[in-house]
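Inspection log for the structure reproduced underneath, given as structure tokens.
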2 protein chains.
Amino acid sequence: MARPKSPLLTTGLIAHAALELIDSGEPFGVNALARRLGVRPSSLYNHVSGREEIIELVRGLISRSYDFTSADVHALPWPEAIEEYLRLERRMYTEHPNLLPLIATLTVTDDTAIAAYDGLATMLVRAGFPDDDVLVVMQLLDAFALGAGLDYAAPGDIWRPLGETAHLGRLLETAAPGRERSDRAFELGIRVLVSALQDMLTERTQGAAARTAD
Amino acid sequence: MARPKSPLLTTGLIAHAALELIDSGEPFGVNALARRLGVRPSSLYNHVSGREEIIELVRGLISRSYDFTSADVHALPWPEAIEEYLRLERRMYTEHPNLLPLIATLTVTDDTAIAAYDGLATMLVRAGFPDDDVLVVMQLLDAFALGAGLDYAAPGDIWRPLGETAHLGRLLETAAPGRERSDRAFELGIRVLVSALQDMLTERTQGAAARTAD
DNA sequence: ACCTGAACACCGTTCAAGT
DNA sequence: ACCTGAACACCGTTCAAGT
């Protein structure tokens, strides 16, 4: 059974199995993935260059399963469109919490994922942000979504004080569970960020109007 | 040389060497660390429970080297104190970019790190945030600092479009380098978040005052 | 073209043996 | 108490051999 008549593997099958493995909670790895696929680890290298490309394939698979470039979203007024976008990104992370630590440190190259970010860039350009600011704002929004996702993915709790504290220990004892707090923190952040972006833009426009009026 | 008269290792030495290894850019690992310490990997297990405890030791070492509980900071008006705190956290991450991916998914238990977060909690309590909101706000701020740090630590660039894009490709070509953008995104975020916290608090107070006046 | 098998240089962790 | 050495079950990747 050296070479099967029809290939056992495709990048699609690899990506699916990889996502399954990641969502299962078991540690992700090339060997573990090969086991799941009923194949030898070396076989995978006929289809991908290695571990990182597999993870990038998973980013693509999952990006395709959330509708980041929906026409409905782009038809919304931009502040709402951005809100929808961030909520979708957040949902992607919370529904696949183990994926985030794997993709967070990897350059985004997958086409679908790039298209999603390109859609966000388009929203901001159309909203009227100057070119110099678009990537900065995107980086801010992405940092927020990423950080919020990591918070959510955190095991049990983010903080576990072992000794005395002035307030932290008490607050943790009486507080809502971590994920509920994570939801509230996200809602707070989204409100704050979007309204700050609106301010940025009206300040700009008013400033320009004032200068024109001079 | 089975048992030396004076121990070759201490948790302090382990933490220092681990931070050196991390900052060197080589992949972090127990075996690589043991090599650096001139010792067998199994020797480390006389002092720590394993890889995760070593990383938590590094968190402690580095937290001690940034003055998170400085009296000066706590003497500032709370919005400035929070700004200083976030700047310090960010500086810690940018000065040790390889550390962040290691600690981001680990529960914080180290005393000094907990003390830093406890200091932040104290700032918020003193500022007048109700108990129910303190952890939520902390989680928001921490998510932001974490995400911003990851952005900064990203290899080369965050996005690398391989095909056509509506705007993203063009923006990336003309834009300032990634780390400069990361700085601007952080500055923007810090301004937005702190002013939003001020709004939260004055709304509350005004609301309370209005209700009292009724 | 695509899978296997063997090989390589790694991991993190355990544990008996030695002083 | 604290280090070594051997062992274990893993990693990710390369490459010649087979069809």
Side-chain angles (χ1 to χ4, degrees), chain A residues 1-59 98-99 101-107 109 155, chain B residues 1-59 98-99 101-107 109 155:
Chain A
M1 213 257 270
R3 164 150 121 90
K5 357 196 138 178
S6 77
L8 296 177
L9 295 176
T10 63
T11 51
L13 283 170
I14 291 169
H16 265 100
L19 182 56
E20 265 183 44
L21 174 57
I22 290 164
D23 283 341
S24 79
E26 285 158 53
F28 175 76
V30 176
N31 293 20
L33 175 58
R35 244 173 273 129
R36 229 161 219 274
L37 284 162
V39 116
R40 299 287 161 172
S42 50
S43 308
L44 293 167
Y45 289 81
N46 288 294
H47 301 269
V48 296
S49 61
R51 179 189 152 101
E52 293 206 349
E53 191 181 334
I54 296 172
I55 295 171
E56 197 58 23
L57 283 176
V58 175
R59 198 206 298 267
N98 302 319
L99 178 60
L102 297 175
I103 60 176
T105 54
L106 248 52
T107 300
T109 60
Chain B
M1 215 256 269
R3 164 152 120 88
K5 356 196 139 177
S6 76
L8 296 177
L9 296 175
T10 62
T11 52
L13 284 170
I14 292 170
H16 265 100
L19 181 57
E20 264 183 44
L21 175 57
I22 291 164
D23 283 341
S24 79
E26 286 158 53
F28 175 76
V30 176
N31 293 18
L33 175 58
R35 244 174 273 129
R36 229 162 219 273
L37 284 162
V39 116
R40 301 286 162 175
S42 50
S43 308
L44 293 167
Y45 290 80
N46 287 296
H47 301 268
V48 296
S49 62
R51 182 190 151 97
E52 294 207 347
E53 190 182 333
I54 296 172
I55 295 170
E56 197 58 24
L57 283 175
V58 175
R59 197 205 299 266
N98 303 318
L99 178 60
L102 298 174
I103 60 175
T105 55
L106 246 54
T107 300
T109 60

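Lettering follows sequence order; numbering is per chain, from 1.
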Counterpart residues, salt bridge (charged side-chain N to carboxylate O under 4.0 Å, His left out), relative to A:E56 (two or more places apart): A:R59

May I have the step-by-step check of side-chain contact (heavy atoms from CB on, under 4.5 Å) for A:L21 and A:R35, ending in yes or no? CA-CA 10 Å; A:L21 174 57; A:R35 244 173 273 129; over 6 Å; no

Give the rounded distance in Å between these two atoms: [atom1] of [X] and [atom2] of [N].
X: B:R51; N: D:dC11; atom1: CZ; atom2: P; result: 14 Å
X: B:L44; N: C:dC11; atom1: CG; atom2: P; result: 12 Å
X: A:E26; N: D:dC10; atom1: CD; atom2: P; result: 11 Å
X: A:R40; N: D:dC10; atom1: CZ; atom2: P; result: 14 Å
X: A:L21; N: D:dC11; atom1: CG; atom2: P; result: 9 Å
X: A:N46; N: C:dG5; atom1: CG; atom2: C1'; result: 13 Å
X: B:R35; N: D:dG5; atom1: CZ; atom2: C1'; result: 16 Å
X: A:L8; N: C:dA1; atom1: CG; atom2: P; result: 17 Å

Does C:dG12 have OP1 or OP2 sitting under 4.0 Å from an N or O in the side chain of B:N31? yes

Tell me if the NE2 atom of A:H47 is crowded by more than 12 foreign heavy atoms within 6.0 Å. yes

For A:V39, which of A:I14, A:L13, A:L9 qualifies under side chain to side chain contact (heavy atoms under 4.5 Å, CB included)? A:L9

Can you tell me which nucleotide in [options] comes closest to the side chain of [X]?
X: B:P41; options: C:dT13, D:dC2, C:dC2; result: C:dT13
X: B:H47; options: D:dC3, D:dT4, C:dC2; result: D:dC3
X: B:A32; options: C:dT14, D:dG12, C:dC11; result: C:dC11
X: B:S42; options: C:dT4, C:dT14, C:dG12; result: C:dT14

For A:V58 and A:F28: C-alpha separation, side-chain torsions, deciding distance, then whether side-chain contact (heavy atoms from CB on, under 4.5 Å) applies. CA-CA 12 Å; A:V58 175; A:F28 175 76; 5.7 Å; no

Testing the basics here: between B:P101 and A:T105, what is the closest heavy-atom pair and its distance to 0.1 Å?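 Looking at all heavy atoms of both residues, the closest pair is CG-CG2, 3.8 Å.
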
Give the dot-bracket line for DNA chain C from 5' end to 3' end: parentheses for intra-strand Watson-Crick or G-U pairs under 3.5 Å, square brackets for crossings, | for inter-strand pairing, dots for unpaired. ||.|||||...|||||.||

Mapping B:S43 and A:G50 to their closest nucleotides on DNA chain D, which lands nearer the 5' end?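 Between the two, 5'-proximity favours B:S43.
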
B:T109 and B:E52: CA distance, side-chain angles, deciding distance, side-chain contact (heavy atoms from CB on, under 4.5 Å) verdict: CA-CA 11 Å; B:T109 60; B:E52 294 207 347; over 6 Å; no

